[in-house]
Amino acid sequence: AGVKEDSFNVLDLAEYTKNRPWWRKVFAPSSGSSTEKYNVATQLVIGGVTGWCTGFIFQKVGKLAATAVGGGFFLLQIANHTGYIKVDWKLVERDVNKAKQQLKFHSSSNKMSPEVKSRVDEVIVFLKKNVILTGGFAGGFLLGMAS
């Protein structure tokens with residue numbers, strides 16, 4: 001029996017981008033802000049389009065999630081009413097109260113872990129360096145949510 005060897009073509013992105021300046025410009029690592037790469041109009045367009053797409057998808061997924069949760073709750077109520085399942089409401093109340101106490105405890109300490117704080121600082125620095133891009137994204141996101 002003959003063994004068939006599969007051959008794969010490997011694309012070296014580093015070599016590929018050296019020969020294509022537009023590709024390098026878009027995907028080159030940059031420690032600076034987007035203002036070093038793009039003009040104001042381009043930043044607004046990029047931010048607006050990505051924001052609109054994100055908002056539109058967020059809206060559709062949100063509606064789907066709300067429908068799923070509401071439908072599931074509705075089915076559980078019907079099953080409870082017809083006698084298929086029995087809900088121990090005292091147990092539910094006890095667990096909800098326990099969860100409330102844990103939330104109060106965590107919110108009273110209100111200290112972020114160093115990992116979370118460093119990530120938040122990175123996001124703030126990015127937002128400050130890319131104000132126009134962020135503004136375009138926020139506007140596009142709101143338009144996407146509205147459409």
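Both F126 and V123 are part of a single hydrophobic cluster, where members link through side-chain heavy atoms under 4.5 Å apart. No chain of hydrophobic side-chain contacts below 4.5 Å, direct or via other Ile, Leu, Val, Met, Phe, Trp or Tyr residues, connects M145 to V61. The hydrophobic clustering, which links ILVMFWY residues whose side-chain heavy atoms are closer than 4.5 Å, places L133 and L127 together.
The distance from atom CZ of F141 to atom CD1 of I57, rounded to the nearest 0.5 Å, is 10.5 Å. Interatomic distance, CD1 of I132 versus CD1 of I46, reported as 11.5 Å (0.5 Å rounding). Here D88 contributes atom CG and E93 contributes atom CD; the two are 10.5 Å apart, rounded to the nearest 0.5 Å. Within the model, atoms CZ of F137 and SG of C53 stand 9.5 Å from one another, a figure rounded to the nearest 0.5 Å.
Counting heavy atoms from C-beta outward, K129 and V125 have side chains that approach closer than 4.5 Å.
K86 and N80 make their closest contact through CA-OD1, 4.1 Å (heavy atoms, listed as atom of the first residue, atom of the second, distance).
Hydrophobic clustering, defined by side-chain heavy atoms of Ile, Leu, Val, Met, Phe, Trp and Tyr closer than 4.5 Å, groups V45 together with V49.
E122 is linked by a salt bridge (charged side-chain N to carboxylate O under 4.0 Å, His left out) to R119, counting only residues two or more places apart in sequence or in another chain.
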Steps toward side-chain contact (heavy atoms from CB on, under 4.5 Å) verdict (N97, Q101): CA-CA 6 Å; N97 287 335; Q101 292 299 324; 5.7 Å; no
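Residue pairs meeting the side chain to side chain donor-acceptor pair (under 3.5 Å) criterion with at least one partner in residues 45-63, sequence neighbours excluded, are W52-S147.
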